[in-house]
Amino acid sequence: MATLYRTLSRRSCCHASASLTRTYYSSPLHQYNKYISNLIRSCRLREARALFDTMKHRNAVTWNSMISGYVHRREIVKARQLFDEMPQRDIVSWNLIVSGYFSCRGSRFIEEGRKLFELMPERDCVSWNTVISGYAKNGRMDQALKLFNAMPERNVVSFNAVITGFLLNGDVDLAVGFFKTMPEHDSASLSALISGLVRNGELDMAAGILHEFGSDDDSKDNLVHAYNTLIAGYGQRGRVEEARRLFDEIPDDRGGGEKDQRRFRRNVVSWNSMMMSYVKAGDIVSARELFDRMVERDTCSWNTLISGYVQISNMDEASKLFREMPCPDVLSWNSIVSGFAQNGNLNLAKYFFEKMPHKNLISWNTMIAGYEKNEDYKGAARLFSQMQLEGEKPDKHTLSSVISVCTGLVDLYLGKQIHQLVTKIVLPDSPINNSLITMYSRCGAIVDACTVFNERKLYKDVITWNAMIGGYASHGLAAEALQLFKLMKKLKIHPTYITFISVLNACAHAGLVEEGRIQFKSMVTDYGIEPRIEHFASLVDILGRQGQLKEAMDLINTMPFKPDKAVWGALLSACRVHNNVELAIVAADALIKLEPESSAPYVLLYNMYANLRQWEDAEHVRVLMEEKNVKKQAGYSWVD
DNA sequence: GTAGGGTTAG
């Protein structure tokens with residue numbers, strides 16, 4: 001080995017720098033650097049840092065790798081610390097730290113990034129492009145264009161960054177115009193444009209551009225990127241035939257022959273995107289067919305097919321694929337956990353969740369949402385605290401589930417804590433704030449619900465209004481509910497069927513029979529909303545509470561729905577209040593048929609007979625209950 | 001080790 005090395009060195013000794021370079025590449029330092037960058041690439045940042053800290057000799061690459069690791073994780077403070085400690089920064093260090101600041105949200109960070117850019121001892125094209133793209137991604141196209149015009153030498157990346165920026169702002173025409181003025185585009189320019197157009201829903205325009213500019217020989221090399229983007233775009237929107245047409249336009253990559261990377265041909269992403277289109281369309285057969293025909297599968301191919309089986313609730317096939325696949329990653333695990341959780345098998349979901357080699361935020365969110373969906377609110381709350389103990393920070397998806405958990409648990413204490421987190425994490429226009437209103441009103445804290453409602457000054461959508469009107473209605477605050485409804489109409493916010501459920505409930509609580517009838521009629525005639533069974537249930541409730549039991553019964557007999565639990569329940573409780581045994585028997589009978597195991601109708605009937613001192617009948621109900629083996633459940637209240 | 005573009009999970 002030593003001889004070989006000497007021979008090799010002698011051969012190139014006339015090139016001193018080449019020799020030096022080789023010395024570095026065969027040095028332990030280079031090995032360490034490579035190892036650090038591998039650790040960072042596999043998301044093992046902590047291990048990378050530990051190694052970094054033990055290293056006696058470091059060069060700029062060592063420092064920059066570590067900084068880049070933090071920048072990618074958006075840990076700008078740690079990145080900056082290293083940058084400041086670094087003995088000799090090169091231009092890459094500067095570019096990295098600037099890019100780090102620009103990839104963090106918030107104008108403070110962007111200002112700091114800009115400041116550092118101004119302070120740079122020298123700037124190259126990458127430095128300029130970093131800042132241009134940074135501004136573009138943060139919606140500051142004015143600054144991006146100013147720098148674009150000011151930079152000494154532009155390259156194609158500078159143009160592409162501007163195009164992406166326009167498209168992020170929804171400025172489709174500006175982006176297309178800009179693209180057409182470019183002195184030359186490469187395949188990335190075309191892909192950037194296509195992908196932005198797809199994001200803006202301009203699929204037809206994207207297809208036009210792809211066919212107009214996609215034949216340039218220069219961009220042929222990686223044209224498949226742009227094709228793949230559009231295939232996926234069609235797939236996402238259920239236009240699976242068009243996706244397939246595009247897929248068929250790309251020359252087949254199978255059938256041997258030498259591999260020429262530059263040739264325009266399908267690659268694994270093309271197959272995956274097409275498969276995903278079928279999965280989205282619910283066509284698992286076609287997806288499977290593609291999967292079986294592929295020559296080359298990657299983890300994403302397996303994951304896509306697994307998610308397809310998860311979507312159609314075929315967990316047998318999904319877990320079979322999961323067992324067969326060579327290298328399941330965190331996405332594969334998450335799909336399996338989600339599949340079991342969504343299909344009601346919480347135990348298996350938990351089993352896989354606990355066995356995961358690596359969890360990410362989505363893993364936690366999936367499992368918490370699974371508990372929530374299966375109404376195991378305590379399990380969800382436990383997992384949420386475990387998540388925080390393990391240092392994982394919740395995001396809006398986590399909080400959205402946990403708010404529902406608070407609503408389910410009627411836990412105002414936890415709810416208020418979550419509210420604190422929400423204000424730190426999401427903007428006031430987030431729909432999460434709507435679920436806070438529901439949470440507070442379910443927990444009996446109508447004043448807090450009202451506060452959240454009023455805090456949403458500019459961003460009230462119809463769901464916000466529905467939540468608040470519903471909150472008032474369920475608290476029996478009919479006047480407030482109706483007043484808010486009036487205000488909503490005045491502001492020209494179109495009510496939905498949910499709004500009217502709350503409005504009718506408010507009328508029921510307040511005993512406003514006539515108002516209820518008027519609202520019901522207005523819903524149909526003024527707003528063209530088809531009445532649902534919930535509206536009829538409310539109407540039955542309204543009539544029943546006022547003792548208009550015959551009218552209520554007539555309504556049940558004539559409405560266009562088969563009466564459900566809520567309808568008969570409303571009638572039964574009205575019968576109890578107004579001591580109408582005859583109709584009570586009818587309602588109770590119907591309820592028992594719908595829910596044989598429920599004790600409520602028996603208990604209600606029993607109490608009615610007892611109140612009327614018809615002891616024989618009461619006893620009869622009790623015996624019947626025993627015969628049917630119905631157990632009286634412990635009562636619980638919605639309000640803690 | 002730094003700038004722009006493609007597919008999968010909540």
Side-chain angles (χ1 to χ4, degrees), chain A residues 33-34 36-37 40 59-69 71-72 90-100 102 124-134 136-137 155-165 167 185-196 198 219 222-233 235-236 267-277 279-280 298-308 310-311 329-339 341-342 360-370 373 395-398 400-401:
Chain A
N33 284 348
K34 255 172 64 180
I36 286 197
S37 94
I40 290 174
N59 63 5
V61 177
T62 326
W63 287 87
N64 290 342
S65 304
M66 209 54 237
I67 294 176
S68 129
V71 164
H72 277 117
D90 63 8
I91 195 162
V92 177
S93 332
W94 283 92
N95 289 342
L96 272 166
I97 197 71
V98 170
S99 134
F102 272 94
D124 60 7
C125 210
V126 176
S127 331
W128 285 89
N129 288 343
T130 303
V131 181
I132 291 175
S133 140
K137 282 185 175 157
N155 65 8
V156 71
V157 177
S158 331
F159 282 88
N160 294 349
V162 171
I163 292 186
T164 308
L167 290 161
H185 3 81
D186 63 3
S187 58
S189 329
L190 190 61
S191 294
L193 183 59
I194 300 289
S195 122
V198 164
S219 55
N222 258 319
L223 196 56
V224 69
H225 270 243
Y227 269 83
N228 293 345
T229 314
L230 192 50
I231 291 175
Q236 293 282 3
N267 62 15
V268 65
V269 179
S270 325
W271 288 86
N272 292 347
S273 306
M274 193 59 233
M275 222 165 60
M276 183 275 292
S277 307
V279 163
K280 277 265 146 65
D298 65 3
T299 309
C300 182
S301 328
W302 289 86
N303 288 346
T304 305
L305 194 63
I306 289 177
S307 82
V310 165
Q311 260 179 48
D329 64 0
V330 67
L331 271 88
S332 333
W333 285 90
N334 287 347
S335 294
I336 291 295
V337 169
S338 153
Q342 299 303 316
N360 64 10
L361 178 58
I362 297 186
S363 323
W364 291 95
N365 288 351
T366 306
M367 198 59 223
I368 292 174
K373 200 181 151 106
D395 69 354
K396 58 177 180 179
H397 297 277
T398 329
S400 164
S401 297

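Chain A is the first sequence line, chain B the second, and so forth, proteins listed ahead of strands; every chain is numbered from 1.
- Residue contacts shown for A:N33 are absent, as no nucleic acid heavy atom lies under 4.0 Å away.
- Contact annotation: side chain of A:D186 to base of B:dG5, donor-acceptor pair absent below 3.5 Å.
- Within the nucleic acid shown, A:V156 comes within 4.0 Å of at least one base atom, counting heavy atoms only.
- Minimum interatomic distance between A:G339 and A:V310 (heavy atoms only, all atoms of both residues): CA-CG1, 3.5 Å.
- One N or O donor and one acceptor, one from the side chain of A:S187 and one from the base of B:dG5, sit under 3.5 Å apart.
- Here A:A192 lies in heavy-atom contact (under 4.0 Å) with sugar-phosphate atoms only.
- On a pure distance criterion of 3.5 Å, no polar donor-acceptor pair joins the side chain of A:N272 and the base of B:dG6.
- Counting non-hydrogen atoms under 4.0 angstrom, A:S191 reaches a base of the nucleic acid.
- Residues passing the side-chain hydrogen bond (donor to acceptor under 3.5 Å, both in side chains) test with A:S37, sequence neighbours excluded: A:R41.
- Counting any heavy atom pair closer than 4.0 Å across all strands shown, A:Q236 reaches sugar-phosphate atoms only and no base atom.
- Counting atom types as modelled, A:D124 pairs no side-chain N or O with a base atom of B:dA3 as donor and acceptor under 3.5 Å.
- Nucleic acid contact for A:D329: none, since no nucleic acid atom lies under 4.0 Å from a heavy atom of the residue.
- Nucleic acid contact class of A:K137 (heavy atoms, under 4.0 Å, all strands): sugar-phosphate only.
- Using a 4.0 Å heavy-atom cutoff across all strands shown, A:T130 reaches sugar-phosphate atoms only and no base atom.
- Judged as a side-chain hydrogen bond (donor to acceptor under 3.5 Å, both in side chains), and not counting sequence neighbours, the contacts of A:N160 are A:S189.
- With hydrogens and angles ignored, no donor-acceptor pair closer than 3.5 Å exists between the side chain of A:N160 and the base of B:dA3.
- No side-chain heavy atom of A:V269 sits under 4.5 Å from any side-chain heavy atom of A:V224.
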